[in-house]
Amino acid sequence: MDSIHVTLPDGKVVEVQRGTRIDEITPAIATNGNIVAAKIDGRPVDLSRRLDSDCSLAWVSIDSPDGLDVLRHSTAHLMAQAVQSLFPGTQVTIGPTIEDGFYYDFKRDRSFTPEEIEKIEARMEEIAKANLKVTREEMLRSQAIELFRRMGEDYKVAIIEDLPDEVVSLYRQGDWVDLCRGPHVPSTGAIKAFKLTGVAGAYWRGNEKNEMLQRIYGTAWPTRQALKEHLRLLEEAKKRDHRKLGQELGLFMISDVVGPGLPIWLPKGAMVRSILERYIVDIERSMGYQHVNTPQLARVDLYKRSGHWDHFKENMYPPMEFENKEELVLRPMNCPHHITIYKHGLHSYRDLPVRLAELGTMYRYERSGALSGLSRVRAMTLNDAHIFCLPEQIQAETVGVLRLIQRVYRDFGLKDYWYRLSLRNPMDKANFVDNDAMWDGAEGYLRQALDEVGVSFKEAVGEAAYYGPKIDVQLNDVLGHSETLSTVQLDFYLPERFELEYVDRDGQYKRPVMIHRGVISTMERMMAFLIEHYAGNFPLWLAPVQVKVVTVTDQQLDYARKVSAELTAAGWRVELDERNEKLGYKIREAQLAKIPYAVVIGDKEVEAQTVAPRRRGGENVAPLSVSDFIQRLKFEVAQERGEA
RNA sequence: GCUGGCGUAGCUCAACGGUAGAGCAGCUGAUUUGUAAUCAGCAGGUUGUAGGUUCAAAUCCUAUCGCCAGCUCCA
């Protein structure tokens with residue numbers, strides 16, 4: 001009589017007694033190592049969960065996203081158990097899963113040494129092998145607090161005290177227990193392939209004012225092969241690291257004599273950069289932007305008026321003071337300068353939109369620990385523009401920017417990106433301008449623009465700039481992490497602060513709206529991204545050296561010089577290898593330098609007045625005349641740029 | 001900024017208390033070579049910097065600068 005109906009994953013409905021455990025209904029799955037958890041009406045639970053009402057069940061297999069999450073969470077527990085058994089007195093705090101893995105934060109006086117990490121790994125293997133049952137129990141909040149207090153787990157106590165629930169769940173494996181929502185694998189034996197990947201300090205609750213905890217990162221996979229494959233991918237990604245390739249290919253350097261975070265562009269890197277600059281400036285001009293140039297210093301009052309001094313001061317270099325008390329700062333942003341240009345003259349509504357663009361160099365103070373290669377620097381040149389427009393032009397202008405972004409991404413072959421609509425956090429009045437009507441309106445315009453372009457987007461609360469909402473275009477990097485490349489920000493605030501005006505059709509002075517936008521980010525970050533995106537193999541149109549001319553012996557040097565001069569005169573970036581080395585050696589160097597074409601010249605080519613191109617990678621092209629080769633190069637560039 | 005790891009020749013690395021070494025790159029010479037490394041010789045260093053311990057320091061200790069992985073922050 002006290003029975004319930006359970007719909008099984010295969011659609012069958014069974015009638016079982018209330019309180020039956022999931023793994024009792026279909027004993028087969030209990031022994032199937034591939035199933036690590038179940039879902040009751042879509043909610044993940046342990047396989048040992050008792051069913052108390054009609055429901056439908058689904059299995060969570062270890063290689064599904066949910067299953068991996070369970071596995072990694074359980075591995076975090078496994079690690080915490082190992083740590084506490086090896087190092088008594090260490091307190092546990094939190095141990096969530098993250099992309100591809102997990103971490104657990106511990107409170108311990110000293111940090112973990114590499115040797116200790118090895119010991120922890122070994123102990124984890126032992127516990128996994130012992131195949132301890134993982135059991136769940138529920139407990140009143142107050143009891144749990146009492147329990148963890150007795151255990152000396154102050155952080156767990158603090159966590160439970162913040163939980164709203166009256167009943168909390170605990171998980172036990174062997175003599176070890178942790179507060180956790182679950183679900184977990186049925187027993188530690190389900191954990192078969194893991195590796196601890198790093199130690200780091202981390203602040204309790206992510207706040208740098210709190211004490212520092214010791215974090216251990218790890219990764220876990222259903223099989224050893226999957227783990228191996230993951231570690232191999234990490235190695236692959238390392239080879240594409242722009243810092244490594246930048247050094248190998250002679251693109252840029254950072255000198256601790258000049259200063260950290262202040263990149264120095266070497267000739268080859270500067271070549272790529274200037275191609276990028278020319279490319280983006282040309283496109284912007286064709287789309288109605290006017291390029292300007294403004295100085296990198298300004299009176300501090302300019303930034304006081306803009307509000308940056310209040311909101312951005314910790315990222316600004318302190319003012320330089322002179323005898324006459326004039327204070328100058330290195331600019332951290334270009335907008336006030338562009339605003340100044342706008343204010344230089346009267347604007348009719350007929351003039352709008354005014355689109356001012358600049359490759360503006362600016363300086364931001366970054367904490368030393370934040371610096372990283374070209375992607376996080378202290379001096380950077382932004383592909384910046386400010387659109388001053390009528391309120392009714394916002395949507396069209398935003399759409400225009402989005403289309404520009406799409407066009408540029410196509411040219412770089414970027415496909416793996418997504419849009420993020422970054423909104424204010426209405427609760428956070430301190431970090432966002434306090435004007436709900438302004439925000440609501442602005443957020444609406446951006447949504448409409450995204451809809452008009454017809455792209456899907458994710459909303460992110462609290463990610464807006466302090467003066468307005470924005471659309472960020474997020475790219476996935478080599479490791480799958482997303483980073484902002486392009487951004488479109490709506491701003492009603494600076495026009496107000498600077499009392500920007502235009503004369504409307506009715507003769508009244510009115511406020512324009514500002515759109516801040518960046519398409520290819522900063523030259524530094526774009527370069528970092530492209531190096532990794534192409535793994536250093538720049539397409540022909542971007543390659544710092546496009547053609548390397550190599551001869552079989554030095555007998556062909558005269559002709560090779562002529563070929564090289566002809567290509568150079570036609571505008572191609574060419575290097576001639578005049579060294580007395582064997583052909584294979586010179587080919588090898590051209591390949592390692594990732595030059596798109598090596599052009600081979602031997603007696604046959606001199607005789608026939610041709611060149612024998614070899615593409616980067618090894619593909620040989622049948623010998624052809626220099627002018628035919630140039631046609632081929634032109635065609636290839638046109639293809640890359642979507643013009644052929 | 002914080003936690004941990006690491007700084008040796010231009011590059012990649014060895015030496016881990018007892019006279020700093022290799023490969024590649026560079027230079028010189030020989031070789032005249034057909035699609036990813038021809039051979040030989042030469043040269044190259046106050047071991048990031050500054051102190052300290054020691055008969056003796058690249059090696060141990062302290063400070064400092066920088067790099068790396070995270071935390072925090074972000075274009």
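What's counted below: heavy atoms across the whole structure, side chains too, no hydrogens, waters or symmetry copies. Naming convention: chains lettered A, B, ... in sequence-line order (proteins, then strands); numbering from 1 in each chain.
- Geometrically, Lys458(A) engages Trp418(A) in a cation-pi contact defined by less than 6.0 Å to the ring centre and at most 45° from the axis.
- Shown here for Pro596(A) and Leu540(A), the closest heavy-atom pair between the two residues is CB-CD1, 3.8 Å.
- Within 4.0 Å (heavy atoms only), Arg215(A) reaches sugar-phosphate atoms of the nucleic acid but no base atom.
- Closest contact between the side chain of Arg525(A) and the listed nucleotides rG70(B), rA75(B), rG34(B) involves rA75(B).
- Phe194(A) has its ring centre no less than 6.0 Å from the ring centre of Trp221(A).
- Between the C1' atoms of rA22(B) and rA43(B), the separation comes to 16 Å (whole Å).
- Between the CZ atom of Arg420(A) and the C1' atom of rA75(B) there is a distance of 12 Å, rounded to whole Å.
- If you measure from atom CE of Met212(A) to atom C1' of rU3(B), you get 5 Å, rounded to the nearest angstrom.
- Out of rU72(B), rU38(B), rG70(B), the shortest distance to the side chain of Glu581(A) is found at rU38(B).
- Side-chain atoms of Ser111(A) lie closest to rG4(B) of the nucleotides rG34(B), rA69(B), rG4(B).
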Dot-bracket line, read 5' to 3' along RNA chain B, where crossing pairs take [ ] and | marks a partner on another strand, Watson-Crick or G-U under 3.5 Å
(((((((..((((....[..)))).(((((.......))))).....(((((..]....))))))))))))....
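- The residue among Arg378(A) and Arg579(A) whose nearest nucleotide of RNA chain B is located toward the 5' end is Arg378(A).
- Using a 4.0 Å heavy-atom cutoff across all strands shown, Gly618(A) reaches no nucleic acid atom at all.
- Taking atom CZ of residue Arg614(A) and atom C1' of nucleotide rA36(B), one finds them 7 Å apart after rounding to whole Å.
- Within 4.0 Å (heavy atoms only), Glu605(A) reaches at least one base atom of the nucleic acid.
- Phe106(A) has its CZ atom 16 Å from the P atom of rC71(B), to the nearest Å.
- Near-neighbour residues of RNA chain B inside residues 590-602 of chain A, defined by a heavy atom below 4.0 Å, number-ordered: Gln591(A), Leu592(A), Val600(A), Gly602(A).
- A side-chain N or O of Thr487(A) and one of Gln489(A) form a donor-acceptor pair less than 3.5 Å apart.
- Taking side-chain N and O atoms only, Tyr217(A) has a distance below 4.0 Å to OP1 or OP2 of rC71(B).
- Contacts of Asn383(A) with the nucleic acid, taken as non-hydrogen atoms under 4.0 Å apart, are absent.
- Atom CD1 of Ile94(A) and atom P of rC71(B) are 12 Å apart (whole Å).
- The aromatic rings of His73(A) and His77(A) sit perpendicular to each other, their planes meeting at more than 60°, with 30° as the lower class boundary.
- Counting only heavy atoms from C-beta on, Arg588(A) has its side chain closest to rA36(B) among rA36(B), rG34(B), rC71(B).
- We find that Glu589(A) and Lys548(A) are not joined by a salt bridge, their nearest charged nitrogen and carboxylate oxygen being 4.0 Å or further apart.
- Taking atom CD of Glu463(A) as the reference point, atom C1' of rC73(B) lies 12 Å away to the nearest angstrom.
- If you check rG34(B), rA37(B), rA75(B) against the side chain of Thr522(A), the one that comes closest is rA75(B).
- Between the side chain of Arg376(A) and the base of rC73(B), at least one donor-acceptor pair of N or O atoms lies under 3.5 Å.
- Within the 4.0 angstrom heavy-atom criterion, no nucleotide atom of any strand lies near Gly198(A).
- Here the side chain of Gln555(A) is nearest to one of rG66(B), rA75(B), rU32(B), namely rU32(B).
- Looking at the side chain of Gln214(A), the nearest of the listed nucleotides rU3(B), rA37(B), rG34(B) is rU3(B).
- Regarding Tyr103(A), its OH atom lies at a distance of 8 Å from the P atom of rU72(B), rounded to whole Å.
- The side chain of Ala612(A) sits closest to rU35(B) out of rU35(B), rU32(B), rC71(B).
- Look at the C1' atom in both rC13(B) and rA58(B): the space between them is 14 Å, to the nearest Å.
- Ring centroid separation for the pair Phe388(A) and His338(A) does not come in under the 6.0 Å cut-off.
- Note on Leu382(A): nothing from the nucleic acid sits closer than 4.0 angstrom, heavy atoms only.
- When distances run from any side-chain atom of Tyr203(A) to the nucleotides rG66(B), rG1(B), rU35(B), the shortest one goes to rG1(B).
- In this structure, the ring of Tyr317(A) has its center no less than 6.0 angstrom from the ring center of Tyr363(A).
- Among Arg240(A), Arg243(A), His242(A), Lys244(A), the one residue that satisfies the side chain to side chain donor-acceptor pair (under 3.5 Å) test with Glu532(A) is His242(A).
- Residue contacts for Val550(A): at a heavy-atom cut-off of 4.0 Å it reaches no nucleic acid atom on any strand shown.
- Using a 4.0 Å heavy-atom cutoff across all strands shown, Ser521(A) reaches sugar-phosphate atoms only and no base atom.
- Checking rA75(B), rU38(B), rG1(B) against every side-chain atom of Tyr585(A), the shortest atom distance belongs to rU38(B).
- Between Gln489(A) and Ser372(A), the residue whose closest nucleotide on RNA chain B is further toward the 5' end is Ser372(A).
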Ring pair (Phe, Tyr, Trp, His ring centres under 6.0 Å), that's the test. Do Tyr467(A) and His516(A) meet it? Break it down for me.
CA-CA 11 Å; Tyr467(A) 47 73; His516(A) 308 243; 4.7 Å; yes
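- With P as the reference atom, rU8(B) and rU59(B) are 13 Å apart, rounded to whole Å.
- Of the side-chain N and O atoms in Arg243(A), one or more sit less than 4.0 angstrom from OP1 or OP2 of rC68(B).
- Of the P atoms belonging to rA69(B) and rU64(B), the separation is 23 Å, rounded to the nearest Å.
- Aromatic pair Phe102(A)/Tyr217(A): centroids not less than 6.0 angstrom apart.
- Base engagement by Lys604(A) is indicated by at least one non-hydrogen atom pair under 4.0 Å involving a base atom.
- Only the P atoms considered, rC61(B) is 15 Å distant from rG18(B), to the nearest whole Å.
- Aromatic rings of Phe312(A) and Tyr466(A) (six-membered ring for Trp) have centroids beyond the 6.0 Å cut-off, not under it.
- Only the C1' atoms considered, rU47(B) is 15 Å distant from rC60(B), to the nearest whole Å.
- Put simply, CD on Glu366(A) is 15 Å from C1' on rC71(B), counting in whole angstrom units.
- When ring centroids are compared, Tyr279(A) and Phe412(A) come within the 6.0 Å threshold.
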